Amino acid sequence: MNCDLFKALLWGYSEDEVPDSQRGEMEQHAAGCEACGERLEVWSQVTCREVVEFLDDYVSGELSAERLENFDRHMALCPDCVAYLEAYRKTISLAREALPQGPASEPLPEMPEDLIRAIIDANRS
Amino acid sequence: MASPGQSKRECGSQAELVARLRSGDELAFEELVRTHGPKVLSAAERILSNHEEAREVTQEAFLAAFKGIQSFRESAQLSTWLHRIVANAALMRVRKRNRRAEVFSLEDSLPVFRVYGGHFASPAVPWESEALQQLERSELQAQVRACIARLPDLYREALLLRDVEGYSNQEVAAALDVNPTTAKVRVHRARQALRTLLERHVLGDKS
């Protein structure tokens with residue numbers, strides 16, 4: 001097994017979705033490869049699924065120190081989760097920009113009297 | 001959700017106004033429209049970029065607010081509550097707009113030339129890059145609004161409260177009358193769904 005295949009199967013390994021025969025091969029590879037060994041250790045603490053599930057806590061800084069460390073280690077090794085996190089953050093800021101409440105200093109439009117009357121009349125009817 | 005600088009007097013007058021609205025006082029409704037109308041109209045105009053539609057949505061929002069005043073929570077601010085109502089109504093309008101087939105006349109979009117001399121009937125204006133950036137920004141915002149409008153109601157509400165109004169999870173939970181865990185999950189799911197919808201626009205054919 002090479003590192004690319006190991007990385008591709010890692011998600012399935014941590015979710016118990018890799019057949020036993022391949023699990024053995026992965027463990028064997030991890031024992032001889034420092035980088036993949038670290039990956040296996042990190043993934044056994046936090047999987048990609050968990051990162052995505054707890055992304056709000058991660059973004060809001062609500063994870064415990066220990067959990068945060070595991071998340072950070074996972075992020076350092078997982079470009080997919082980093083890409084997901086960046087897009088998630090961007091989504092929040094895009095939503096905010098698309099529906100701004102407007103700064104308090106911004107001059108408000110005049111509320112036309114005919115519109116006020118129309119609303120009041122519609123409410124009466 | 002009272003703002004830090006909000007005085008007791010303001011809280012008191014809001015409670016009084018809400019009580020009058022709840023009793024069906026028409027003068028209270030007029031006061032609500034006059035006080036909050038400009039902010040509601042401005043929010044509708046920002047979302048819709050169309051003056052006529054913004055007026056209609058403002059009216060819809062106030063009628064919905066009057067009808068739904070019983071569900072208003074005293075711990076909230078009338079202005080944020082109204083903003084949520086108008087943002088929702090405007091997004092529904094966006095959703096309807098997107099469903100309508102876009103009628104576009106190709107003929108009307110072709111340049112017109114003078115009969116004699118073959119010059120442009122109206123001068124061709126250079127597109128400044130700043131104007132193009134502005135267009136890109138406003139188009140992106142329109143796309144984002146269209147995507148938010150597509151979210152299921154429960155999730156859109158949660159997203160509006162948390163990410164647009166800036167409520168905490170606890171406040172979202174109180175406003176939606178659900179437990180904090182449910183509120184948190186809804187916000188997260190809404191962001192994930194919105195992210196996926198936006199991705200199709202961001203990546204285009206690559207997604």
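Bear in mind that the values here come from a model prediction, so they are computed numbers and not experimental data. The sequence lines fix the lettering, A, B, ..., with proteins before strands; numbering per chain opens at 1.
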J.: Do NZ/NE/NH1/NH2 and the carboxylate oxygens of A:Lys7 and A:Asp80 come within less than 4.0 Å?
T.: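 Result for this pair is no, no salt bridge flagged.
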J.: For A:Ser93, is it the side chain, the backbone, both, or neither that has a heavy atom closer than 4.5 Å to a heavy atom of chain B?
T.: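 Interface part for A:Ser93: neither.
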J.: Between B:Arg137, B:Arg195, B:Glu26, which shows the greatest number of heavy-atom pairs under 4.5 Å with chain A?
T.: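 Most heavy-atom pairs within the cutoff with chain A belong to B:Arg195.
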J.: With a 4.5 angstrom heavy-atom cut-off, could you sort out which part of A:Glu113 is near chain B: side chain, backbone, both or neither?
T.: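 Answer is side chain: those atoms of A:Glu113 sit under 4.5 Å from chain B.
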J.: At a heavy-atom separation under 4.5 Å, does A:Val59 approach chain B through its side chain, its backbone, both, or neither?
T.: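 Neither part.
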J.: Are B:Arg22 and B:Glu74 ion-paired here, with the side-chain N under 4.0 Å from a carboxylate O?
T.: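 B:Glu74 and B:Arg22: salt-bridged.
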J.: Check each atom of B:Glu60 against the heavy atoms of chain A and say whether the ones under 4.5 Å are side chain, backbone, both or neither.
T.: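 Neither the backbone nor the side chain of B:Glu60 comes within 4.5 Å of chain A.
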J.: Could you state the interatomic distance from CG (B:Leu194) to CG (B:Leu197), rounded to the nearest 0.5 Å?
T.: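 Answer for the CG-CG pair, B:Leu194 versus B:Leu197, is 6.5 Å.
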J.: Could you tell me the separation between the CG atom of B:Leu21 and the CG atom of B:Leu27, rounded to the nearest 0.5 Å?
T.: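 Interatomic distance, B:Leu21 CG to B:Leu27 CG, rounded to 0.5 Å: 11.0 Å.
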J.: Between B:Phe29 and B:Phe62, what is the ring plane arrangement, given parallel below 30°, perpendicular above 60°, and tilted in between?
T.: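 Rings of B:Phe29 and B:Phe62: perpendicular, as their planes differ by over 60°.
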